[in-house]
Amino acid sequence: MGPLQGVSVVEMAGIGPISFAGMTLADLGAAVTRIQRPAKGGIAWGASPVLDRGRVTREVDLKSPAGVEEVLGLLADAEVLIEGFRPGVMERLGLGPDVCLARNPALVYGRMTGWGQSGRYAHTAGHDITYLAISGALHMIGEPDRKPVPPVNLLGDFGAGANYLVIGVLGALLHARAGGVGQVVDAAIVDGAVSTTGLLHGFLEAGAWRDERGVNLLDGGAPFYDTYQCADGGWVAVGALEPQFYAALLEALGMAGDDAIANHLDPATWPAIRERFTAKFAERSRDEWHELFADSDCCVAPVLSMREAREDGHNRDRKLFVDVGAIPQPAPAPRFSVTTPATPAPADP
């Protein structure tokens with residue numbers, strides 16, 4: 001099941017982005033064997049019943065010659081290896097690219113790091129927040145004149161890290177299948193984070209973006225692309241960017257014909273718009289606003305917690321969450337009209 005059925009992957013177990021990449025490949029049908037070092041105290045640090053799903057896990061002592069040979073034996077028949085250690089670790093284990101590609105010249109060797117395999121920071125420690133910091137992405141997130149806000153680890157570890165690794169691996173896999181030549185994929189979170197800012201760099205050079213936090217069209221600076229607190233303390237998200245959607249929003253809010261807020265693309269109107277929206281959304285509860293806007297083109301949605309998101313009507317229609325074992329968790333994504341992925345298997349105990 002899934003479009004990657006028949007693809008064999010060896011995953012060197014790690015935390016964060018490498019686990020998410022392994023989960024994604026397994027969700028899409030690849031046969032993923034996860035190499036886990038023997039756990040200390042019986043539990044592997046960083047283990048996740050969601051991110052570890054869908055794979056066979058093998059405990060291997062990578063510090064022993066027999067363990068290294070066991071992995072090389074698996075790689076002789078695999079198409080893809082993914083690993084997330086610091087540069088040089090796999091080489092010191094005897095499992096560097098030269099050794100592995102000598103055993104299997106068509107192997108796609110996917111490497112996931114924060115700083116990359118080269119560069120002045122490559123051999124230093126870091127985390128999602130530090131990689132985003134030097135990419136310019138973290139600077140954009142937060143309110144004006146307030147500190148930057150870490151976007152959990154969604155943008156860095158998963159969006160800019162694991163997803164770019166998966167894209168790179170699949171691109172290299174197409175190349176390897178066509179010509180029998182494998183290669184190393186150097187995926188770095190800082191690379192992916194910079195890549196995701198491409199649109200905004202274009203805006204910056206065109207004079208349509210200020211290199212400041214919380215003052216622009218898409219960073220909460222525009223009052224029609226922001227969140228508002230409701231009467232019950234809940235929040236709604238407003239994203240009425242285009243004129244037709246903004247007009248529909250004003251109509252629904254009973255503000256149509258108010259000349260002071262009619263031209264929403266003029267920043268001079270933004271203080272008045274924000275003042276009116278803040279007062280208006282405070283008049284009703286979040287769920288009352290949700291009911292009002294549910295079938296409209298006003299681009300307003302309730303801000304749901306993770307538990308609430310599992311029960312949302314649209315999310316249930318789309319079956320966005322599945323029960324794997326006894327744990328509700330995100331379903332595989334994206335979707336395919338022919339090669340539909342199966343429900344993931346639970347993580348190995």
Side-chain angles (χ1 to χ4, degrees), residues 1-36 46-58 74-75 77-84 100 104 106-112 153-178 182-189 191-192 195-196 309-310 315 317-325 327-348:
M1 303 289 286
L4 296 184
Q5 186 173 16
V7 175
S8 54
V9 178
V10 173
E11 171 194 347
M12 308 302 292
I15 62 172
I18 202 68
S19 294
F20 187 77
M23 184 199 77
T24 300
L25 294 169
D27 281 354
L28 298 184
V32 182
T33 301
R34 194 167 184 263
I35 305 301
Q36 175 73 59
S48 163
V50 177
L51 294 189
D52 296 349
R53 73 191 187 192
R55 283 98 97 196
V56 174
T57 299
R58 294 173 63 160
L74 291 172
L75 293 177
D77 298 319
E79 291 185 277
V80 175
L81 166 73
I82 57 173
E83 61 95 1
C100 295
N104 180 354
L107 181 69
V108 173
Y109 195 111
R111 316 196 79 169
M112 178 79 261
N153 66 339
L154 302 180
L155 173 57
D157 278 350
F158 300 148
N163 284 336
Y164 276 80
L165 174 63
V166 170
I167 292 169
V169 161
L170 296 181
L173 182 61
L174 288 175
H175 178 266
R177 285 190 165 187
Q183 61 184 302
V184 175
V185 178
D186 175 4
I189 294 173
D191 294 12
S195 177
T196 62
R310 297 174 183 173
N315 296 346
D317 291 344
R318 294 279 294 173
K319 296 180 173 61
L320 291 183
F321 295 90
V322 294
D323 288 331
V324 179
I327 300 174
Q329 52 195 265
R335 302 173 187 225
F336 301 85
S337 63
V338 177
T339 53
T340 303
T343 299
D348 280 356

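The structure presented is a predicted model; accordingly, all values stated were derived computationally and were not measured.
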field: More than 12 heavy atoms of other groups within 6.0 Å of R318 CZ
entry: no
Hey, does the side chain of [X] reach the backbone of [Y] with a donor-acceptor pair shorter than 3.5 angstrom?
{"X": "D52", "Y": "A347", "answer": "no"}
{"X": "S195", "Y": "D191", "answer": "no"}
{"X": "N315", "Y": "L320", "answer": "no"}

Indicate the atoms forming the closest heavy-atom contact of [X] with [Y], along with that distance.
{"X": "G168", "Y": "V185", "answer": "O-CG2, 3.7 Å"}
{"X": "A176", "Y": "A106", "answer": "CB-O, 3.5 Å"}
{"X": "A331", "Y": "V322", "answer": "CB-CG1, 3.8 Å"}

All N/O donor-acceptor pairs, side-chain side in residues 3-16, below 3.5 Å, sequence neighbours left out:
from : atom 1 : to  : atom 2 : distance (Å)
Q5   : OE1    : M1  : N      : 3.0
S8   : OG     : D77 : O      : 3.4
S8   : OG     : E79 : N      : 3.2
E11  : OE1    : R55 : NE     : 2.9
E11  : OE1    : R55 : NH2    : 3.1
E11  : OE2    : R34 : NE     : 3.2
E11  : OE2    : R55 : NH2    : 3.1

Summary of ring-ring contact (aromatic ring centres under 6.0 Å, His included) pairs that have at least one residue in residues 327-346, sequence neighbours excluded: none
- request: Could you tell me which residues satisfy ring pair (Phe, Tyr, Trp, His ring centres under 6.0 Å) with Y164, sequence neighbours excluded, listed by chain and number?
  value: none
task: Go through the structure and list residues passing ring pair (Phe, Tyr, Trp, His ring centres under 6.0 Å) with Y109, not counting sequence neighbours.
output: none
statement: Residues at least two apart in sequence or cross-chain that pass side-chain contact (heavy atoms from CB on, under 4.5 Å) with A21, listed by chain then number, are I82, A162, L165, V166
query: Are V80 and V32 side-chain neighbours, meaning at least one heavy-atom pair lies under 4.5 Å?
result: no
task: Please identify each residue that fulfils salt bridge (charged side-chain N to carboxylate O under 4.0 Å, His left out) with R310, with sequence neighbours left out.
output: none
query: Going through the distances and angles, do R53 and I327 end up as a side-chain contact (heavy atoms from CB on, under 4.5 Å)?
result: CA-CA 11 Å; R53 73 191 187 192; I327 300 174; over 6 Å; no
- prompt: Can you tell which of P330, P334, P332, P341 makes a side chain to side chain contact (heavy atoms under 4.5 Å, CB included) with D27?
  reply: P332
- line: Separation between CG (L51) and CZ (F158), nearest 0.5 Å, reads 5.0 Å
